Amino acid sequence: MSIAVTTWSLEQTSPADRLPATAPDGDGDVRIVRAEVPSPEFSRFLYASVGGDIRWTDRLGWTYAQWREDLERPGTETWVAYDRGTPAGYVQLEAQDDGVVEIVYFGLIPAFRGRRIGGHLLSYGVARAWDLADRWPGRAPTKRVWLHTCSKDGEHAMDNYLRRGFKLFDTKVEEEPDVATPGPWPGAQVG
């Protein structure tokens, strides 16, 4: 069986495009911290925990060495949102050629969705994409920040990207295998 998946590509071409969200209010103490030590274990935990209920499966078969290689590339950064000390979600940035930065992964662990953390984390991640060259000597200043999202992602993903100032530049529809939602680990109940 297969399903039709729509993939939308969005971009910002100037820091002036950014439309930051306000920080979440309420009981939480939300902090966003860069994971400066490459940790395949932690990155796989974030990937599986955030994407387990929305069919993020492309990296589940990666080896430890593949995770490490991905994380150790110059200009790759992982920024993690913590709510009262507990990981709530993350954004992974990847510097590309000619001053381009891709937001490769972004999302929240299901228990933290719907609490205004996502807009705040995305805003912070976009700001870090625009100033990425400040932390990586020799990298060209950022001229463009881009990402893609698809119809399998969370129901609020596209609206969040548009509210943060991203503009649509491409849409594709492709058939993909209809894989089971893996959850954060085999047999986990999500939701």
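Hydrogens, waters and symmetry mates play no part in the numbers below; they use all other heavy atoms, side chains included. The shown structure was predicted, so the numbers you read here are calculated from the model rather than taken from an experiment.
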Hey, are [X] and [Y] close enough for a salt bridge, meaning a charged N less than 4.0 Å from a carboxylate O?
X      : Y      : result
Lys152 : Glu176 : yes
Asp153 : Arg55  : no
Asp83  : Arg31  : no

Just jot down the salt bridge (charged side-chain N to carboxylate O under 4.0 Å, His left out) partners of Glu11, sequence neighbours excluded, or say none.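 Only Arg144 meet the salt bridge (charged side-chain N to carboxylate O under 4.0 Å, His left out) criterion with Glu11.
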
Pair Val5, Ser151 - check side-chain contact (heavy atoms from CB on, under 4.5 Å), show working. CA-CA 6 Å; Val5 177; Ser151 52; 3.8 Å; yes

Students often mix this up, so state it plainly: with edges at 30° and 60°, are the rings of His148 and Trp146 parallel, tilted or perpendicular?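 Plane angle between 30° and 60°, so tilted.
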
Parallel, tilted or perpendicular: which one describes the rings of Tyr90 and Tyr105, with boundaries at 30° and 60°?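 Parallel: the ring planes of Tyr90 and Tyr105 meet at under 30°.
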
Within the supplied structure, the quantity of interest is the number of heavy atoms (other residues, nucleotides, ligands) at a distance under 6.0 Å from [X] [atom1]; does it exceed 12?
X      : atom1 : result
Arg116 : CZ    : no
Gln96  : CD    : yes
Asp98  : CG    : no

Between Arg128 and Tyr124, is NZ or CZ placed under 6.0 angstrom from the six-membered ring centre and within 45° of the ring axis?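 That pair qualifies as a cation-pi contact.
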
Check whether the side chains of Trp136 and Glu77 place a donor and an acceptor atom closer than 3.5 Å, and report yes or no.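 Glu77 and Trp136 do have a side-chain donor-acceptor pair below 3.5 Å.
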
Under a plain distance cut-off of 3.5 Å, with no hydrogens placed, do Trp62 and Asp70 share a side-chain donor-acceptor pair?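 The answer is no; no qualifying pair exists.
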
Side chain of [X], backbone of [Y]: donor and acceptor closer than 3.5 Å?
X      : Y     : value
Asp17  : Thr13 : yes
Glu72  : Glu69 : no
Arg164 : Arg18 : no

Would a line drawn from the ring center of Trp67 to the ring center of Tyr47 be shorter than 6.0 Å?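 Yes, the ring centres sit under 6.0 Å apart.
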
Please step through side chain to side chain donor-acceptor pair (under 3.5 Å) for the pair Gln12 and Trp130, ending with a clear verdict. CA-CA 10 Å; Gln12 291 183 2; Trp130 282 109; 3.0 Å; yes

Stepwise, does the side-chain contact (heavy atoms from CB on, under 4.5 Å) test hold for Leu46 with Val80? CA-CA 9 Å; Leu46 291 169; Val80 184; 3.9 Å; yes

Do Leu19 and Phe169 share a hydrophobic cluster (ILVMFWY, side-chain heavy atoms under 4.5 Å, transitive)?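 Looking at the clustering, Phe169 is in a separate group from Leu19.
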
Evaluate the side-chain proximity of Leu121 to Phe106: yes if any heavy-atom separation is below 4.5 Å, no if none is.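 Yes, side chains in contact.
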
